[in-house]
Protein chains: 2
Amino acid sequence: MMKQGVNVMPDRNCRGRPWLHGKFKGCGYRLTMGREAILGVLSKHAGHLSAEDIYMKVHPGHPNVGLTTIYRTLDVLSNLGLVYKLDFGEGRARYELAQGPKGAHHHHHLVCTGCNKIIDYTDFIDEEVELLKETERGLSRKYDFNITNHIIQFYGLCEKCKGKK
Amino acid sequence: MMKQGVNVMPDRNCRGRPWLHGKFKGCGYRLTMGREAILGVLSKHAGHLSAEDIYMKVHPGHPNVGLTTIYRTLDVLSNLGLVYKLDFGEGRARYELAQGPKGAHHHHHLVCTGCNKIIDYTDFIDEEVELLKETERGLSRKYDFNITNHIIQFYGLCEKCKGKK
DNA sequence: CTGTTATTGGAAACCATTTTCATTATAAAA
DNA sequence: TTTTATAATGAAAATGGTTTCCAATAACAG
């Protein structure tokens with residue numbers, strides 16, 4: 001568990017300036033060059049990046065930023081709710097920006113268990129989200145939970161993989 | 001990837017054997033004592049067992065069954081669809097029987113990110129499952145996927161954890 | 001019973017992630 | 001600007017769940 005100095009990691013309700021960097025500062029975090037670079041990579045390459053992917057993209061411009069910092073920053077971002085930590089069962093986590101400043105489209109994932117190809121789908125999202133909200137409300141009440149997040153993923157074989165045995 | 005057993009023959013229920021064991025043999029796998037013990041533990045303790053949990057429960061009666069065998073067996077069972085491999089973000093996988101012979105009740109999970117408590121809920125399941133089926137159909141058609149499984153999980157803080165800072 | 005080969009245990013390897021710790025850099029105070 | 005407190009950092013080492021290796025063993029068919 002990351003433990004930094006006096007202040008415990010703030011929660012997702014932190015308010016700050018408009019976008020990522022501002023949000024970051026607004027939550028009491030120092031904005032270092034390494035972190036700026038990481039935030040930059042995340043906002044530029046919307047995808048499902050592993051910690052190492054990010055490291056590789058940050059490295060050329062900032063050879064002195066280590067993998068450790070990538071992990072630490074992602075942990076912070078994830079706790080702030082700015083980044084989703086995804087698990088596609090590959091034995092490594094992947095990360096993606098929760099939302100752009102203008103509210104990027106919400107999507108869920110369709111994962112091929114054969115080749116690990118991942119499809120972001122937005123179809124059916126509206127119905128799903130609506131049902132999820134209802135379910136969330138119900139669960140919150142019944143189990144006295146404060147629900148902050150959900151996962152929906154479908155697994156199967158893509159056209160290429162379902163052919164072979 | 002584990003590769004064993006030549007034939008992928010469907011269930012030919014083995015006489016006098018419990019459902020799970022029969023299914024196992026029916027698929028061309030040898031039924032060893034270690035595997036019997038593991039199947040036994042899985043059917044007796046419905047829960048979210050980690051590989052080590054299972055090891056601990058198997059060990060007293062079968063001190064010669066190693067952790068490696070637990071992992072290998074779980075992998076086979078998971079590939080057969082008899083067991084679900086679950087991930088609650090603890091850094092270790094957990095496993096539970098997919099279904100009893102008479103079709104145990106389907107459930108989804110509600111996970112406390114504070115204390116890792118996990119609640120199996122069946123409320124709302126019907127609506128969820130119905131929507132999932134539809135979505136599944138749609139996704140299968142649109143992306144030419146052969147969907148075999150899905151995940152739905154809600155994350156949040158339980159009554160105990162949401163109080164503390 | 002015998003032969004074939006799936007299965008096994010134990011140790012070592014693997015590898016993403018975390019921890020340690022001495023050093024550095026950031027932001028605020030003076 | 002300079003000082004000051006301490007958050008943040010990198011490099012290396014540690015961690016820990018899972019997998020691989022390989023020689024020995026045991027299921028099962030014939």
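Lettering of chains follows the sequences in order, A, B, ..., and the numbering in each one begins at 1. Note that the structure is predicted; figures quoted are calculated from it, not measured.
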Exercise for review: Quick one: sort the A:Phe24 and A:Tyr29 rings into parallel, tilted or perpendicular, breaks at 30° and 60°.
Suggested key: tilted
Review point. With under 30° as parallel and over 60° as perpendicular, where do the rings of A:His108 and A:His106 fit, or are they tilted in between?
Key: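 Plane angle over 60°, so perpendicular.
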Tell me: [atom1] of [X] to [atom2] of [N], nearest whole Å?
{"X": "B:Arg72", "N": "C:dA6", "atom1": "CZ", "atom2": "C1'", "value": "11 Å"}
{"X": "B:Asp53", "N": "D:dG17", "atom1": "CG", "atom2": "C1'", "value": "13 Å"}
{"X": "A:Ile38", "N": "D:dT9", "atom1": "CD1", "atom2": "C1'", "value": "11 Å"}
{"X": "B:Glu90", "N": "C:dT18", "atom1": "CD", "atom2": "P", "value": "14 Å"}
{"X": "B:Met56", "N": "D:dG17", "atom1": "CE", "atom2": "C1'", "value": "14 Å"}
{"X": "A:Phe24", "N": "C:dA27", "atom1": "CZ", "atom2": "P", "value": "11 Å"}
{"X": "A:Met33", "N": "C:dT24", "atom1": "CE", "atom2": "P", "value": "14 Å"}
{"X": "B:Asp87", "N": "C:dT17", "atom1": "CG", "atom2": "C1'", "value": "14 Å"}

Any idea which of [options] is nearest the [X] side chain?
{"X": "A:Ala51", "options": "C:dA27, C:dT17, C:dC21", "answer": "C:dT17"}
{"X": "A:Arg30", "options": "C:dA27, C:dA11, D:dT18", "answer": "C:dA27"}
{"X": "A:Arg92", "options": "D:dG17, C:dT17, C:dT20", "answer": "C:dT17"}
{"X": "A:Thr68", "options": "D:dG17, C:dA16, D:dA12", "answer": "D:dA12"}
{"X": "B:Arg35", "options": "C:dT7, D:dA12, D:dC28", "answer": "C:dT7"}
{"X": "B:Tyr71", "options": "C:dT17, D:dT19, C:dT26", "answer": "D:dT19"}
{"X": "B:Tyr29", "options": "C:dT7, D:dC21, D:dA8", "answer": "C:dT7"}
{"X": "A:Thr32", "options": "D:dT18, D:dC28, D:dT9", "answer": "D:dT9"}
{"X": "A:Ala93", "options": "C:dT17, D:dA27, D:dT6", "answer": "C:dT17"}

Check your understanding: Is B:Leu132 isolated, or which residues cluster with it under the ILVMFWY side-chain rule of less than 4.5 Å, directly or via members?
Key ->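 Reading the cluster by chain and number, B:Leu132 sits alongside A:Leu110, A:Ile119, A:Tyr121, A:Phe124, A:Leu132, A:Leu139, A:Tyr143, A:Phe145, A:Ile147, A:Ile152, A:Phe154, B:Leu110, B:Ile119, B:Tyr121, B:Phe124, B:Leu139, B:Tyr143, B:Phe145, B:Ile147, B:Ile152, B:Phe154.
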**Study point:** Of A:Asn64 and B:Arg94, the one whose closest DNA chain D nucleotide lies more 5'
**Key:**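 Its nearest nucleotide being more 5', the pick is A:Asn64.
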Review point. Are side-chain heavy atoms of B:Val65 and B:Met33 found at a separation under 4.5 Å?
Key: no
Point to revise | Side-chain N or O of B:Lys25 closer than 4.0 Å to phosphate OP1/OP2 of D:dA27 | key: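 Checking B:Lys25 against D:dA27: no side-chain N or O falls below 4.0 Å of OP1 or OP2.
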Practice item. Please check if the distance between the ring centroids of A:Phe88 and A:His109 is under 6.0 Å. Key: yes
Review point. Starting at the 5' end of DNA chain C and moving along, which residue's nearest nucleotide shows up first, A:Ser50 or B:Leu67?
Key: B:Leu67
